[in-house]
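Lettering follows sequence order; numbering is per chain, from 1.
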Number of protein chains: 2
Amino acid sequence: MCENAGMDDVRWLNDDELKAWTRLVAVVELLPGVLDSQLRRDSRLTNYEYFVMARLSEAPGMVLRMSELAARTNATLPRLSHVVRRMEERGLVERRPCPEDARATNAYLTDRGWATIQEAAPAHVENVRRHVFDALTPQQVGQLTAIADALLEKLDPDGLIAVRTADVRTGRPVERD
Amino acid sequence: MCENAGMDDVRWLNDDELKAWTRLVAVVELLPGVLDSQLRRDSRLTNYEYFVMARLSEAPGMVLRMSELAARTNATLPRLSHVVRRMEERGLVERRPCPEDARATNAYLTDRGWATIQEAAPAHVENVRRHVFDALTPQQVGQLTAIADALLEKLDPDGLIAVRTADVRTGRPVERD
DNA sequence: GCACATTGGTTGACGCAACAACTTATGCGG
DNA sequence: CCGCATAAGTTGTTGCGTCAACCAATGTGC
C-alpha cells in the first residue's frame, strides 16, 4: 500500500552499517547500567554524580559555574540543577551565588565530596578498565577516539554541550576518569 | 591522607585511554537524546518503542515471546513489560498467552503498529545516517563494529541480553534499522 | 534610563527505567 | 504425584531526566 509517500529517496543502511548500528545501540544501552550499578553498590553514587565530582575536582579551586559544569558533563542545565540539589543535601557539593554575575551560581566540591570521589575512584576505574579497555587493543583505542570525535561533531555540532575540551589536562592530583 | 587502602595497585587510565573514554562517555550520553527527540517529534514514539517494533516486524509472523523480545532489544523483562503495556493501550502491539507454555506471553505487532513503523522508518533512518554514518568512513564503520563487538563481550559476557545474534538477517520486507 | 530581548538558573509535572516483591506455571527428584 | 526450585511475566515504588514555565539579572537600542 502507498508505495511512496514523497520521501522514498531514503538512504537505507547497507549490511555493514546495519551491523555496526546494532552493536553500537547495544553498547549505548548496556554501558550506562554497568557503570551505574557498580558505583551505586560500592559508593552510593550515580555514574553522572561521579562525573560531576570528577569535573569539579580537576577545576582550579574545585569550582565551576553551573552552566560550565553542565557543558563539561554533557548535560542540560535543568538536569544538573536537580542533581546538584540532591548532592548538596548529601553534603557532596555546595552552591553559592557568583560574585561577578548575580545571575550565575558557583558549584563547589566540598571536603566530603573530595573524600567521597577519592574513595570511589579506584573501583570505578577498575570497572571501566575491565569492561572497556581490557577488551580493546591500543590501536582500537585510537580508532575509538577518532570515531567518537567524528560522531560528536554531528551530535553536538557547535560544541554547545559536549566535552571536546577535555584536553584541559590540569595535571592536578588524581586522574581517575 | 590514607595513602593506600589496600587497593593502590589500580591500573589508572593513560592519556590515550582517558581521551577515548571522555569521547565515548559523551557519545553515550548524547546519542539517545538525539534519537528520542526526532522520533518523539515526528512519530510520537520512543527510540526504544521503535526498536521493539523493528524487532517484531522482522520476526516470522511478527510475533515474539516477551523474554526473547527483551533479549533482542537489550532490555530487562520488567522494562519491556511496562513498555508493551503502554504500547498495547495505543494499539501498536497485542499480548496473548502462549499456547505451548502457559507462563509465556507472545507479543504481536498489530496492523496499526506495522503501519506506524513504516511511516516512522524513513525519517528515523535518515536521522541515524545524518548523525552517525555520514560522519564515518567505510573503514571506520568496520572498526566500530569490531570495537563494539569487543565491548559487548565484556558488557554482556553470556549474551544474556545483547544482540550479537543480529545477523539473523531475515530478508524480510524493509530493513530500516 | 527605559522597554525589551537574552542569559543563567530553578522549579514542578510528567514519563520512563531499575529494583524488588509477587504470581503463576513448568520441570524435576524421589 | 508431591514438594521444591526455577522460569516467565506483571506490578508497585522509587528515583532520575525532560520539558515547559518561570524568575531574576544583564545588556542593548534609542
Side chain of [X] (C-beta onward), nearest among [options]:
{"X": "A/His82", "options": "D/dT18, D/dG12, C/dT26", "answer": "D/dT18"}
{"X": "A/Leu77", "options": "D/dC16, C/dG8, D/dT10", "answer": "C/dG8"}
{"X": "A/Arg86", "options": "C/dT10, C/dA25, D/dG17", "answer": "D/dG17"}
{"X": "B/Arg85", "options": "D/dT11, D/dG15, D/dT10", "answer": "D/dT11"}
{"X": "A/Arg40", "options": "D/dT26, C/dT26, D/dG15", "answer": "D/dG15"}
{"X": "A/Val83", "options": "C/dA25, D/dA20, D/dG17", "answer": "D/dG17"}
{"X": "B/Thr46", "options": "C/dC16, D/dA25, C/dT26", "answer": "C/dC16"}
{"X": "A/Thr105", "options": "C/dT11, C/dG9, C/dC16", "answer": "C/dG9"}
{"X": "B/Arg79", "options": "C/dC16, C/dA18, D/dG15", "answer": "C/dA18"}

[atom1] of [X] versus [atom2] of [N]: gap in Å, rounded?
{"X": "B/Met87", "N": "C/dA17", "atom1": "CE", "atom2": "C1'", "value": "16 Å"}
{"X": "A/Asn106", "N": "C/dG8", "atom1": "CG", "atom2": "C1'", "value": "12 Å"}
{"X": "A/Arg96", "N": "C/dG9", "atom1": "CZ", "atom2": "P", "value": "16 Å"}
{"X": "B/Leu45", "N": "C/dG15", "atom1": "CG", "atom2": "C1'", "value": "15 Å"}
{"X": "B/Asp36", "N": "C/dC16", "atom1": "CG", "atom2": "P", "value": "10 Å"}
{"X": "B/Leu80", "N": "C/dC16", "atom1": "CG", "atom2": "P", "value": "14 Å"}
{"X": "A/Gln38", "N": "C/dA18", "atom1": "CD", "atom2": "P", "value": "17 Å"}
{"X": "A/Leu69", "N": "C/dT10", "atom1": "CG", "atom2": "P", "value": "11 Å"}

- line: Between A/Pro78 and B/Pro78, the residue closer to the 5' end of DNA chain C by nearest nucleotide is A/Pro78
- prompt: DNA chain C: A/Ala104 or B/Pro99, which has the more 5' nearest nucleotide?
  reply: A/Ala104
query: On DNA chain D, nearest-nucleotide positions of B/Arg95 versus A/Glu49: which is more 5'?
result: B/Arg95
field: hbond_proxy A/Arg103 side chain to D/dT26 base (donor-acceptor, 3.5 Å cutoff)
entry: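 No, no donor-acceptor pair under 3.5 Å.
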query: Can B/Arg129 and A/Glu17 be counted as an ion pair, charged N to O under 4.0 angstrom?
result: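 Salt bridge flag = yes for A/Glu17 with B/Arg129.
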query: Is A/Glu58 salt-bridged to A/Arg72, cutoff N-O under 4.0 Å?
result: no
message: Would you call the rings of A/Phe133 and B/Trp21 parallel, tilted or perpendicular, taking 30° and 60° as the class edges?
response: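 The rings of A/Phe133 and B/Trp21 stand perpendicular, inter-plane angle above 60°.
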query: Contact class for A/Asp101 (heavy atom, under 4.0 Å): base, sugar-phosphate, or nothing?
result: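 Sugar-phosphate contact only.
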query: If you look at every strand shown and take non-hydrogen atoms under 4.0 Å, does B/Ser67 touch a base, only sugar-phosphate, or nothing?
result: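 Answer is sugar-phosphate: B/Ser67 comes under 4.0 Å of backbone atoms only.
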- request: Go through the steps for B/Arg79 and A/Glu29 under the test salt bridge (Lys or Arg N to Asp or Glu O under 4.0 Å), then give the verdict.
  value: CA-CA 13 Å; B/Arg79 178 185 179 187; A/Glu29 200 74 51; 2.8 Å; yes
- prompt: Rounded to the nearest 0.5 Å, how far apart are CG of A/Asp111 and CG of A/Leu92?
  reply: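 Taking CG in A/Asp111 and CG in A/Leu92, the distance rounds to 11.5 Å.
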- prompt: Is atom CZ of B/Arg130 surrounded by more than 12 heavy atoms (other residues, nucleotides or ligands) closer than 6.0 Å?
  reply: yes
